[in-house]
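Beneath this line is the structure, given in structure tokens, with notes to follow.
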Amino acid sequence: MSDTLMISVSGVRGIVGTDLTPEMMARWAAAFGTWAKTGNGERGRGKGVTVVVGRDARTSGPMFVQAAEAGLASIGCDVISLGLTTTPTAQLAVMHHRAAGGLMFTASHNPIEWNGLKFIGPDGIFLDGDAGARVRDLAEDRTLHRATYDSLGGGGADADAIERHIRAVLRLPGLGVAGIRRRRFRVALDTTRGSGGAIMPQLLRRLGAKVSGVNLATDGRFPRPPEPLPEHLGELGRLVKRTKAHVGIAVDPDVDRMALVDETGAPIGEDYTLAFAVRAVLGGKRESGSGKRVVVCNLSTSLVVDDAARECGASVVRTPVGEVHVARRLLELKAPIGGEGNGGVMHPALHAGRDAPVAAALVLALLARTGKTVSELVAQSPRYAIVKAKIPRGAALDGAYAALRQRYADATVDAQDGLRLAWPDRWLHVRPSNTEPIVRLIAEAPTSAQAERLIQEGRSVCAAS
Ligand code: MG
């Protein structure tokens, strides 16, 4: 197996033409369709099983969609085709159509040569655990039960999914659309020629913003590494300055992550997206009944989220890394807001999926309500430095975990996902990646030298065990 082909319970990711072929995508889609028809509880049983299919802007998307739709038809599943869309839009479309599931072609923030397939369950949340393993088993099974000529699936298109998504964001309770519109924000936008150009400018304009953009085409020809990291947002920073924008917004190619540039043109780091969303949702008038003041995020999320939660009288619950873990815990705890430190905001008032349009609306709501600038909001709380490193994935990590626990006996230990060692103002998280053949080390501390020291010690302990 190639070392770039990554198969997990929530999907498949790899390089187009070597790891990923249309034949393979047709087979995975047929496997997913079989699961949707037979293994997916009552909703999926019997006739008339429908699967939603969407893709991001990557150039291989149309080819893979055609293959997947053929695979689904061969199993007798009807297809609702979204065409070019965003990951959160596809999740919402599955819920809207009460479909048995959804397939989204995207490699998220991976570079241009990649693509992938994500499996969405009937509740609009990515597959995990048993369901994902069942789809994988079916994909490896040579004896999928194909439909005969008289029971093939049909298809139809849904061209309104993005418009429904925009309207749903504008209807979010407590957003204060009128107040946002009154501010007439100037917003600079960079959608890296991904799907964001199909939704973000429209949404922002309907929030009363004057939008100036770069890379708003939706042709998938990413002009820069598409992950919205500070080092990739120089062009957006210059646009902010040139247009005197209040804020710069960057989204990743499938529009589930968002990062901000402040009014001086400086990227503030994607950790602040969730921190701002927490303040937007929990920071205004306290809602009645204080039992739900909980923020859910993963173990690698920045302490800026803890500080924002504390400021709003809320506590933070951490989960293993992976959108589905955060989503499930959010719903379980009925938490109003959560997400990931990588710019993924989940607001269950709309759905429990990372959603950059929701994040953008919440950030504008916070700016409108507080009257502060982005840099003032950043300055309001302590700053931290996050340092990330990757090392090749070697043998089992248990020895390294044991050695680290011994080395840092004073730390609070969380072993839900790899190993996270925490102190009041810093932490180190060591875990194998779900999507790449590497081990990730992430540390956060008040200064980058302190975070770097945690990384170096983590790295040397891992190398020695
Ligand atoms: Mg993404």
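As the structure lists them, so they are numbered: ligands from 1, and atoms in each ligand from 1. Only heavy atoms go into these numbers, but all of them, side chains included; no hydrogens, no water, no symmetry mates.
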(request) Check whether the side chains of S60 and N115 place a donor and an acceptor atom closer than 3.5 Å, and report yes or no. (result) yes
(request) Could you please compute the angle at the Mg ion (ligand 1) from OD1 of D256 to OD2 of D252, rounded to 10°? (result)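 Angle OD2(D252)-the Mg ion (ligand 1)-OD1(D256): 100°, rounded to 10°.
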(message) Restricting to non-hydrogen atoms, name the atom on V169 and the atom on L175 that form the minimum distance, rounded to 0.1 Å.
(response) O-CD2, 3.4 Å
(request) Give the atom name of whichever N/O/S atom in D254 sits closest to the Mg ion (ligand 1). (result) OD1
(request) Evaluate the ring planes of H246 and F185, with Trp represented by its six-membered ring, and classify them as parallel (under 30°), tilted (30 to 60°) or perpendicular (over 60°). (result) perpendicular
(message) If the cut-off is 2.8 Å, does any N/O/S atom of S108 fall short of it from the Mg ion (ligand 1)?
(response) yes
(request) Kindly state whether the ring of F119 and the ring of W35 have centres lying under 6.0 angstrom apart. (result)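 No; W35 has its ring centre 6.0 Å or more from that of F119.
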